[in-house]
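For the single chain, residues carry numbers from 1 onward in sequence order.
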Amino acid sequence: MSRTTATVVRLKLSLLRGGLRQSSGRRSAFVASAVVALLFGLLQLLGLLALRGHANAGTVAVPATAVLALGWAVMPLFFPSGDETLDPTRLVMLPLRPRPLVRALLAASLVGIGPVFTLLVLAGCALSVAHGGGALAVAVVAVALALLVCVALARAVAAANVRLLTSRRGRDLAVLSGLVIAVGAQLVNFGAQRIGSAGLGPLRPAADVLSWVPPAAAVGAVRAASEGSYAAAGARLLVTAAALALLVVLWERSLTRLMTSPDGSTLQAADTRARDRSAGRLARLLPGGRTGTVMERALRYVWRDPKTKAAWVTSLAIGLIVPVFNAVQGTGSIYFACFAAGMLGIQMYNQFGQDTSAFWMVALTVSSPRDAYDELRGRALALLVITLPYAALVTVVTTALLGDWPRLPEVLGLSLALLGAMLATGAWTSARFPYSIPQEGHKNVAPGQAGLAWISIFGGMVAAALLCSPVITAAIWLNVSAGGDAWTWTLLPAGAAYGAALTWAGLRLAAPRTAARLPEILAAVSKG
């Protein structure tokens, strides 16, 4: 080990020790996370070893290695502050050449909980398909190569995007990780259901393809050696080694660029005249007066504020995925289309908390219930600009997938009634149970306000369901009564009118309370 590598490894260990000395809470969290990760890794190892001798062991081991590498690739994008050594710009002022620095950082990257967990899983994947002394020897080389590829992939991605990840836009990107988690959970659920019904057979073609894609190719080499195909095993190991060399070269180039070029990654401010023209175009499409101003502000929050954008994008994605995936699987119902309206209706809750401490600027302009009503109405209309066409689109897509066109008016009417009920209860709970949303990190509720958040969201959703009961009852009655199917179309205008009436009544009831509780609302939303 060179002197540079030894120094950087000691630096990594010193950073870990220094972080643990900061507080007992941090030490407890580190120990707990280490124990959980190691236990989970050991369970994965034992589970994969239990597959030894099974016909589908390779069908599990090869894709598992690919998924593990994918996790290493996206980890720096969503958790840029998880490891201080991911930012090589801290070493810019030191007299270090990129190539020795790459070797040193690669060695330091093997220190930590993540590499140990990865090593356990990779060992399980390789040993589950290893049979014979030759395959075991190949497995040792394969596990080492696969681990180095995973670590080098994470470092190369981090170095290529380090300017972005350490900027405000990078933190905005990290906030959007909730979307990837939500969508990924639905995809995993969909895949698990497909595998549960069809077995592991459908994965075999994918596993055969992935067995030539690094680092899964390393595990594919072990499987090939077990089958006596040593030429194919050697070729797969060479492919993995070539991928490692390519990643190191790309990483070295990124480090060279970082150490020799000025920080120009932060996007320059847009031209003022262009921003003015954009603002003018948006304003011309909105109503005049305070309502249009509030709508414009709310829509700009959706586009620019990281937390608001993350909430909206996640709701849009899940609102489409749930009904569509269930329809594709043949287990869904057309009524699942109402999920889209429900997910977006949640955005009406805690309206003032989304403003955080900037709400004081809004509070200065509210001096009467009429001002509060105009404020709430503008926010509700801004939400409807996105929600109405989206709910209609999801309903049409779900109906097309299920082929149940006669129920389209009925389901769309139910969606509109539900949306109106959630707008009404959201306006009221925003005034009655406001809470702060921290701007930094992944928390959506300030400490000590979790109870308010639960009451506001879940209490409001229960109230919205109760308010929708007349339309739901009418839908059930028309579907069970003789000849009622011919009149289910009336639920579309009835649901739209009922939802509009609920929205109007909710805004009217919430406006006086909002005007009277401005100091309490301001104190609550500024807490974080």
K.L.:
What do you reckon, is CH2 of Trp405 surrounded by more than 12 foreign heavy atoms closer than 6.0 Å?
P.N.:
yes
K.L.:
Any side-chain heavy-atom pair from Tyr301 and Asp355 closer than 4.5 angstrom?
P.N.:
yes
K.L.:
I need the full list of side-chain hydrogen bond (donor to acceptor under 3.5 Å, both in side chains) pairs touching residues 487-504, with sequence neighbours left out, sorted by first then second residue.
P.N.:
none
K.L.:
Provide the closest heavy-atom pair for Leu502 versus Ala424 in the form atom of the first, atom of the second, distance.
P.N.:
O-CB, 3.1 Å
K.L.:
Ignoring hydrogens and angles, tell me if any N or O in the side chain of Arg290 forms a donor-acceptor pair with the backbone of Thr365 under 3.5 Å.
P.N.:
yes
K.L.:
For a 4.5 angstrom cut-off between non-hydrogen side-chain atoms, does Thr65 reach Leu210?
P.N.:
no
K.L.:
Under a 3.5 Å distance rule, please check whether Thr387 uses its side chain to pair with a backbone N or O of Leu384 as donor and acceptor.
P.N.:
no
K.L.:
If you take all heavy atoms of Val62 and Ala207, which pair is closest and at what distance?
P.N.:
CG1-O, 3.6 Å
K.L.:
Do Thr395 and Ser415 pass the side chain to side chain contact (heavy atoms under 4.5 Å, CB included) test, and can you show the C-alpha distance, the side-chain angles, and the key distance before you say yes or no?
P.N.:
CA-CA 9 Å; Thr395 304; Ser415 295; 4.1 Å; yes
K.L.:
Could you state the interatomic distance from CZ (Phe458) to OG1 (Thr429), rounded to the nearest 0.5 Å?
P.N.:
12.5 Å
K.L.:
Is the closest basic N to carboxylate O distance between Arg297 and Glu375 below 4.0 Å?
P.N.:
yes
K.L.:
Treating Thr293 as the side-chain partner and Gly289 as the backbone partner, does any N or O pair qualify as donor plus acceptor under 3.5 Å?
P.N.:
yes
K.L.:
Has Ser526 got a side-chain atom pairing as donor or acceptor with Ala523's backbone, closer than 3.5 angstrom?
P.N.:
no
K.L.:
So, the side chain of Ser430 versus the backbone of Met348: is there a donor-acceptor pair under 3.5 Å, distance only?
P.N.:
yes
K.L.:
After noting the C-alpha distance and the side-chain angles of Arg379 and Gln351, does the key distance pass the side chain to side chain contact (heavy atoms under 4.5 Å, CB included) rule?
P.N.:
CA-CA 8 Å; Arg379 293 173 183 252; Gln351 276 291 309; 3.2 Å; yes
K.L.:
Over all heavy atoms of both residues, which pair between Ala431 and Thr514 is shortest? Give the atoms and the distance, please.
P.N.:
CB-OG1, 3.2 Å
K.L.:
Answer with yes or no whether the side chains of Tyr349 and Thr425 bring together a donor and an acceptor at under 3.5 Å.
P.N.:
yes
K.L.:
Could you list the residues that satisfy salt bridge (Lys or Arg N to Asp or Glu O under 4.0 Å) with Arg508, not counting sequence neighbours?
P.N.:
none
K.L.:
Checking Arg407 now: which residues fulfil salt bridge (Lys or Arg N to Asp or Glu O under 4.0 Å) with it, not counting sequence neighbours?
P.N.:
Asp404, Glu410
K.L.:
Going by atom types alone, do Ser456 and Arg432 pair a side-chain donor with an acceptor below 3.5 Å?
P.N.:
no
K.L.:
Can you tell me if Trp72 and Thr118 form a side-chain donor-acceptor pair at under 3.5 Å?
P.N.:
yes
K.L.:
So which atom in Ala427 and which in Gly506 form the shortest heavy-atom distance, rounded to 0.1 Å?
P.N.:
CB-O, 4.3 Å
K.L.:
Restricting to non-hydrogen atoms, name the atom on Thr398 and the atom on Ser333 that form the minimum distance, rounded to 0.1 Å.
P.N.:
CG2-O, 4.3 Å
K.L.:
Test side chain to side chain contact (heavy atoms under 4.5 Å, CB included) on Gln347 and Ser315 and set out the steps.
P.N.:
CA-CA 9 Å; Gln347 304 306 316; Ser315 297; 2.8 Å; yes
K.L.:
Take Phe433 and Ile457 through the side chain to side chain contact (heavy atoms under 4.5 Å, CB included) test and state the conclusion after the steps.
P.N.:
CA-CA 9 Å; Phe433 303 108; Ile457 297 177; over 6 Å; no
